[in-house]
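Note that these values count all heavy atoms, side chains included, but never hydrogens, waters or copies made by symmetry.
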Amino acid sequence: MNKTYTSRYEKRIQQKYEAHRESGAPTYILGIETSCDETSAAVIRDGREVLSNVIASQADIHKRFGGVVPEVASRRHVENITLTIEEALIEAGKTLDDIQAIAVTYGPGLVGALLVGVAAAKAISMARGIPLIGVHHIAGHIYANRLVQEMEFPLIALVVSGGHTELVWMKEHGQFEILGETRDDAAGEAYDKVARALNLPYPGGPHIDRLAHEGEANVPLPRSWLEPHSYDFSFSGLKSAVLNTLHNAAQRGETIEPANLAASFQDSVTEVLVEKTIRAAGSHGAKQVLLAGGVAANRGLRDRLQARCEAEGIPLVIPPFTLCTDNAAMIAAAGFIKYEKGQFEGLDLNGVPSLSLSEQ
């Protein structure tokens, strides 16, 4: 892009930003999320109040493939993005003239999917002369909790989703230190693979969770604690243990009750997640524990973490089910923090599929 044009764009952004800050008027941020297979747009007031949160899911499309097909997801985002943004604005009772900034997920995620959201956000930013804010997808999941309750620092966030399992230490807004992460399969991936072995539909997490509540955890399965002081996670061995258990039973002509195996698998996953979170919170003097990510909708995990936090006297915040899965409200909430700090992106913003949380 022409440097003179870029300079004019940046000057216009800064003037609008400063004028709005001086006015003391409410801040409305339009959020866009297209990192995987949900096309979502939302309008948030002052980083806390959700005026709209529209999600166009592709779950039914990808179900027959047993997972997300990147090319199919990208094409569907292209079809849905404009209508989703329009619907979010209408539901919020706002127009683009009312919006002070646009926040968009730029990583991590599927590169083709990310580019659809980033391109839409840049177009609106350039056309309207409003700040463009790039948001890390996991930061969004963490800040979904702020739509429920104010964050108290320092805190520990347990992020559990289809592609991520991380323990994150935060001393203040916008600062993320990863204490531990998955070394192989994330918890959500393990759920999907075990669900497939049990002939359950995709996505597997909700089906395993439902089945687990109908059974007893009486099938011996391993817990992967790794090194004594490690906060990392590993679920590949557990997944293999489930598959071996099913295979060995079939070889012997025995039948394992699926509900009991689901309960045993979930018990193993949640025990490791919860105990490492409690240990991290205690050793770091956390004032609060946050649960975040798609697997935060898992009832077994929610109940177990709630019980342990109550026993340890540590306040726990869990977002409602509607804010656990990928959505644009969480992206706008995280974007509001950057807006307050004046941390904006240029029109050279790009999708970064392997973006690190520490780069925020």
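When every heavy atom of Met126 is checked against every heavy atom of Tyr9, the shortest pair comes out as CA-CE1, 3.8 Å. What you find for Ile156 and Trp169 is that their closest heavy atoms are CD1-CE3, 3.6 Å. Summarising the geometry of Ala103 relative to Ala332, their closest heavy-atom pair is CB-CA, 4.2 Å, with the distance given to 0.1 Å. For Glu312 against Ile278, the heavy-atom pair with the smallest separation is CG-CG2, 3.7 Å. Closest approach of Asn145 and Pro319 over heavy atoms only: OD1-CD, 3.1 Å. Taking each heavy atom of Ile32 and Gly117 in turn, the nearest pair found is CG2-CA, 3.9 Å.
Taking the six-membered ring for Trp and the full ring otherwise, the centers of Tyr143 and His173 sit less than 6.0 Å from each other. Ring centroids of Tyr17 and Tyr339 are separated by less than 6.0 Å, placing the two rings close together.
No side-chain heavy atom of Thr39 sits less than 4.5 Å from a side-chain heavy atom of Ile55. Two residues are said to be in side-chain contact when any heavy atoms from C-beta on lie closer than 4.5 Å; Val269 and Tyr191 meet this criterion. Met151 is listed as a side-chain neighbour of Leu155, based on a closest heavy-atom distance under 4.5 Å.
Put simply, the side chain of Ser264 gets close to the backbone of Asn218: a donor and an acceptor are under 3.5 Å apart. Judged by distance alone, with hydrogens and angles left aside, the side-chain atoms of Ser23 form a donor-acceptor pair with the main-chain N or O of His20 at under 3.5 Å. A donor-acceptor distance shorter than 3.5 angstrom exists from the side chain of Arg304 to the backbone of Asp267, with no hydrogens or angles considered. Side chain of His137 to backbone of Asp326: no donor-acceptor contact under 3.5 angstrom is found. Ser283 places a side-chain N or O within 3.5 Å of a backbone atom of Ala280 that can act as its donor or acceptor partner. Distance alone, capped at 3.5 Å, places no donor-acceptor pair between the Thr84 side chain and the Ser40 backbone. Within the 3.5 Å criterion, the main-chain N or O of Met330 finds a donor-acceptor partner in the side chain of Asn327. In this structure, Asn244 contributes its side chain and Ser240 its backbone to a donor-acceptor pair below 3.5 Å. Counting only distance, with no hydrogens or angles, the side chain of Ser35 and the backbone of Leu114 share no donor-acceptor pair below 3.5 Å. For the pair Thr95 (side chain) and Asp97 (backbone), a donor-acceptor distance under 3.5 Å is present.
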Begin from the C-alpha positions of Glu181 and Tyr231 and carry the test side-chain hydrogen bond (donor to acceptor under 3.5 Å, both in side chains) through to its verdict. CA-CA 7 Å; Glu181 57 190 339; Tyr231 292 119; over 6 Å; no
Decide side chain to side chain contact (heavy atoms under 4.5 Å, CB included) for Leu167 and Ile178; before the verdict, give the C-alpha distance in whole Å, the side-chain angles of both, and the deciding distance to 0.1 Å. CA-CA 6 Å; Leu167 273 174; Ile178 297 177; over 6 Å; no
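The residues Glu150 and Arg146 are annotated as salt-bridged, a charged nitrogen and a carboxylate oxygen being separated by less than 4.0 angstrom. Between Arg21 and Glu18 there is no salt bridge, since none of the side-chain N atoms of the basic residue sits less than 4.0 Å from a carboxylate O of the acidic one. Between Glu71 and Arg75 there is a salt bridge, with a side-chain nitrogen of the basic residue lying less than 4.0 Å from a carboxylate oxygen of the acidic one.
Rounding to the nearest 0.5 angstrom, the gap separating the CZ atom in Arg302 from the CG atom in Asp209 is 10.0 Å.
When only modelled atom types and interatomic distance are considered, Arg183 and Ser234 share no side-chain donor-acceptor pair under 3.5 Å. Using a 3.5 Å distance cut-off with no hydrogens or angles, the side chains of Thr27 and Gln100 do not pair a donor with an acceptor. Donor-acceptor pairing under 3.5 Å is lacking for the side chains of Glu10 and Gln14. Side-chain contact, Asn248 with Glu254: no donor N or O sits under 3.5 Å from an acceptor N or O.
Side-chain heavy atoms closer than 4.5 Å link hydrophobic residues (I, L, V, M, F, W, Y) into clusters, and following such links, even through other members, never connects Leu290 to Leu147. Linking Ile, Leu, Val, Met, Phe, Trp and Tyr whenever their side-chain heavy atoms come within less than 4.5 Å puts Leu316 and Val272 in one cluster.
Considering Ile331, Ile337, Val104 in turn, Ile331 is the only one that fulfils the side-chain contact (heavy atoms from CB on, under 4.5 Å) rule with Val135.
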